[in-house]
Number of protein chains: 2
Amino acid sequence: MAVTGEKLVATAGMDAQPPPLLRRDEDARAAVADLVRRLGAERVLTHPAALFPYTYDASFNSEAHPGRPDCVVLPRDTQDVVTVMQVANRYHVPVVPRGSASAYSGGAVAHYGGIVVALNVLDRIIEIDADNLQVLCQPGVIHANLNDALAKYGMIFPPDPGSSKIASVGGMTANNSSGMRAVKYGPTLHYVLGIEVVLPTGEVVWTGGEGSKALQSVSGLNLTPLFIMSEGTLGVITQLRLRIIPKPESRGLVVARFDSLEDAAEMTRRIFRGGILPAALEIMDRSAIRAVNIFKPDLKLVECAAMLLVEADGSSAVVADTVGRIEQVARELATSVETATNPKEMESLWAGRAALGAASSLVVPGGTRVGMGEDICVPLKDMPATLRKIAEAAEKRQVAVVLYGHIGSGNVHSAIVVHHTPEEIERAKLLTEDIHALALEYRGTTSGEHGIGVVRRDYADAELGAAVTIMRQMQRSLDPNGIMNPGKKLPFADPAVVGT
Amino acid sequence: MAVTGEKLVATAGMDAQPPPLLRRDEDARAAVADLVRRLGAERVLTHPAALFPYTYDASFNSEAHPGRPDCVVLPRDTQDVVTVMQVANRYHVPVVPRGSASAYSGGAVAHYGGIVVALNVLDRIIEIDADNLQVLCQPGVIHANLNDALAKYGMIFPPDPGSSKIASVGGMTANNSSGMRAVKYGPTLHYVLGIEVVLPTGEVVWTGGEGSKALQSVSGLNLTPLFIMSEGTLGVITQLRLRIIPKPESRGLVVARFDSLEDAAEMTRRIFRGGILPAALEIMDRSAIRAVNIFKPDLKLVECAAMLLVEADGSSAVVADTVGRIEQVARELATSVETATNPKEMESLWAGRAALGAASSLVVPGGTRVGMGEDICVPLKDMPATLRKIAEAAEKRQVAVVLYGHIGSGNVHSAIVVHHTPEEIERAKLLTEDIHALALEYRGTTSGEHGIGVVRRDYADAELGAAVTIMRQMQRSLDPNGIMNPGKKLPFADPAVVGT
């Protein structure tokens, strides 16, 4: 079952270096046998058919090059995760934490074998303490389910990924998900008060205060955020204490259409300068509008260079006022403006944006969207140039691309659509590199929220500079044997240093 | 000038263990001489009169037991701070970063001698990039000055400490300040996109992306927050990239008076349950109202068991609506309600709360407020019991206490007022211990935002449990010689392990 030597897809030169933890087949076999003995066969999946669903995430990379684990552990509790760490350290076998695996980066895939910890089975909301504005839950709780449970208390957990119905809160934390409403509410980071984490050494600690129910504390060093967005490279999150806030009573939406990308960006600028902090601020360019019109012709979206969707939330009076102000800004620049404050109308206007994930594939008959180069962030004022240059690069590479994103945060979600032929995939890889190069040229980032995983790790030196050394030092300090999700997040290090 | 052996005030048993870095006089002399040689005498203060202002912060602890540094360095730039680190490592002398030293915790005081780095001299706003919602600045920039400079762009840096006119943004970051508006806008943590930090080894790294202008990024491990609230124990912050947001157009205020603390807490609960997220939510109990009436009799505050100040912000229409909704909740429970939406009225209503820092001392003729036990957080629903029990403990200890705080975050700012006699100070210490014990009993924290420094460090084990070991491990990894602000934040460790 060893996959250590397998050649992976070379997005961003990811196979340039050897893996940091050189897992050996005989060690892996011994580790699996030990886990079965300690946890019971029903908790340790080993049959190839049972392992198959764990060999990929939502990415093209893992579809093309699955990562087969030696086993999958279905933990009952924190103690089972401790057992996994003990066994992994004993036999020097990788541990790969996995939530819903809805990401595009390969972060939750065992590309180098080892033990996948299936945290989706730990899916209990332990306590909703609405009066103290917090919940205690397990990592496998699905985002939409948490918000459904909170609704009856009039509360929400604000981060709002497009994958709400499948993403787990543990995965959102490990990736620091943002979503559409981050422009107003910030990323997952802002809502994690503390976590229970099983460290690579098997120690269990609570960050943010052991047993604490405080909403703010400056006691100790700030460990919680170190694990947020660590993509399973520093430990396994087994419980989360999350901050919740009152649910806005209502929402309203302004849709504005523009003759140019520049006008759309200028509207964004004027919204902020006008003292307005919208709850969502999304852009779709002409390619995205066309994709939606193919997928949902009933929506009859008007084609234009760019469309902005700007949401306001709050009481109905607040929404009415904010929508009015947004509309006023829109009228200065847009070719047409529509507004909606009743849920049905809004749903219909949002439907286009919501459909984009699926719709993108349709711009190329028989093509598929590949999640590559799909998550750059650039400074807000460089959004128009970035979108234009991505479109130009796509034309040059002869690849279709659908462009949309969270313009309020400078986050571009480009959907590259290709047929699965070696030639087209090669062109998609080149376009991905073009997009990532653009992000760096504009002093942005290759990933705003989707994660680094295996597919973007080799940009770390260019993006982070000398800080990479410090990150490795932190990793080594917490994980002396280099067992945690090796080969993810940072470029491969010398195995002699990181591994065993 | 050595103070290593000096006995400090025993708040929270802080002298139970030996200091971690045993600085020797001859090493300190050699380090100072080396610094003078490298940086020039005009950048290295050594005269006792020049050092005096650096021997204390705003705390009673440092007033009673000043910490005299061996020298104070006035850095010109990042490179000067690197030089300090090189010298400190060479001679094994502590380095104490210092902003405005407006805190109560002794975090910026050189209780164990060594080199104070006076970061208040690095006070330049380097770039306001309003269109990209960020600023680049040095750590010594005063909070109020930053917001004054942002005002002409219609922007604000939202964290809002009571010490706005003296606190530096570097100190706010090192302590993770929250302030009155954290209930809506969150702590400083939420607004730091990246920092340039000189590590204890003298390396300079940018966190959050080298040269990045992205508003969100998940590239690399999340190092930025590790330095936020580290109180100078992990490095020296030399530049900050801060997120800014549109400035709310206007504000409105509701003042509600109650017959009982419980009614005030219930109003808080109903505000949140009603879907309202106010911009500030403050409580003053009877003792605080009395203190203000002594200090500013013109305000003629109505005495009552508790008074809430609830602020809304946004456009004028948003404020009008939100104030109306808050007022409606207030009328269900309050004995009287006042509202204000024009700045002059509001200022007069806020004046009482703003005066509290100074006013508290007046409740005891000839007495002084001592910043001890002044910053606990408890779960929101335990606020009434906590306030009542602090008042009872104060009565038992025969010490005057004035109670107010950020009820929306569960943060109680108790002002203990005593004469500076050994007996009264001893009683104040006992009351401080009572207050901290209450915080832990209610699963809160001994410090919500003011910092741990020397005065609260010995609660770390009780608050943080096994995580303390991990924090020490991080420290040791970044600071092998234990030079950074020793004796702060965490209990003393074995000098053989942390020091040299």
Side-chain angles (χ1 to χ4, degrees), chain A residues 131-132 154 175-176 178 186 190 205 207 209-223 225-226 228-230 245-249 269 272-273 275-277 315 317-318 321 377 379-381 409-410 443-445 447-449 451-452 460 463-467 470-471 473-474 477, chain B residues 131-132 154 175-176 178 186 190 205 207 209-223 225-226 228-230 245-249 269 272-273 275-277 315 317-318 321 377 379-381 409-410 443-445 447-449 451-452 460 463-467 470-471 473-474 477:
Chain A
D131 287 345
N132 291 315
N175 287 286
N176 196 21
S178 282
H190 294 188
V205 300
T207 68
E210 199 170 55
S212 176
K213 290 210 123 194
L215 284 173
Q216 56 184 57
S217 172
V218 293
S219 181
L221 294 175
N222 205 6
L223 290 185
L226 189 62
I228 296 173
M229 99 185 205
S230 68
I245 66 166
K247 184 178 175 157
E249 185 184 282
R269 200 185 74 86
F272 291 136
R273 285 297 180 92
I276 305 166
L277 194 56
S315 71
V318 166
D321 176 66
C377 263
L380 304 190
K381 68 178 166 215
S409 321
R443 301 173 67 180
T445 176
S447 186
E449 54 166 340
I452 301 299
E463 284 199 37
L464 307 168
I470 308 306
M471 294 171 191
Q473 202 174 309
M474 301 280 104
S477 161
Chain B
D131 286 346
N132 290 316
N175 286 286
N176 196 20
S178 283
H190 294 189
V205 300
T207 69
E210 200 171 54
S212 177
K213 289 210 124 193
L215 284 173
Q216 55 184 59
S217 172
V218 294
S219 181
L221 294 175
N222 204 5
L223 290 186
L226 189 62
I228 297 172
M229 97 185 206
S230 68
I245 65 167
K247 184 179 174 157
E249 184 184 281
R269 200 184 73 86
F272 291 136
R273 285 298 179 93
I276 306 166
L277 194 55
S315 71
V318 165
D321 176 67
C377 262
L380 304 190
K381 68 177 168 217
S409 320
R443 301 173 66 178
T445 177
S447 186
E449 55 168 338
I452 300 300
E463 284 198 37
L464 307 168
I470 308 307
M471 293 171 192
Q473 203 175 307
M474 300 283 104
S477 161

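Reminder, nothing fancy here: chain letters follow the sequence lines and each chain counts from 1.
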- request: Answer whether the closest heavy-atom distance between the side chains of B/E449 and A/Q216 falls below 4.5 Å.
  value: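 Yes, side chains in contact.
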task: Examine whether an atom of B/I245 lies under 4.5 Å from a heavy atom of chain A, and if so say whether it belongs to the side chain, the backbone or both; otherwise answer neither.
output: side chain
- request: Answer with side chain, backbone, both or neither: which region of B/K213 has an atom nearer than 4.5 Å to a non-hydrogen atom of chain A?
  value: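 Both parts, backbone and side chain.
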Taking every heavy-atom pair that is under 4.5 Å apart, which of [options] has the most such pairs with chain A?
options: B/P248, B/G211, B/G451, B/G186; answer: B/G211
options: B/G154, B/P225, B/G275; answer: B/P225
options: B/L380, B/T445, B/V218; answer: B/V218
options: B/S178, B/S219, B/S409, B/G209; answer: B/S219
options: B/L226, B/L221, B/L223; answer: B/L221
options: B/A214, B/G448, B/A467, B/S212; answer: B/G448

Against chain B, work out which of [options] has the most heavy-atom pairs shorter than 4.5 Å and name it.
options: A/A460, A/G410, A/S447, A/A466; result: A/S447
options: A/I452, A/I470, A/D131; result: A/D131
options: A/C377, A/S315, A/A317, A/S230; result: A/S315

query: So which part of A/K247 gets closer than 4.5 Å to some heavy atom of chain B, the side chain, the backbone, both or neither?
result: backbone
- prompt: Side chain, backbone, both or neither: which part of A/E463 has an atom under 4.5 Å from a heavy atom of chain B?
  reply: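 Both parts, backbone and side chain.
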query: Rounded to the nearest 0.5 Å, what separation is found between the CD1 atom of A/I276 and the CD atom of B/E249?
result: 9.0 Å
task: For B/M474 and A/S477, work out which heavy atoms get closest and say how close.
output: CE-OG, 3.8 Å
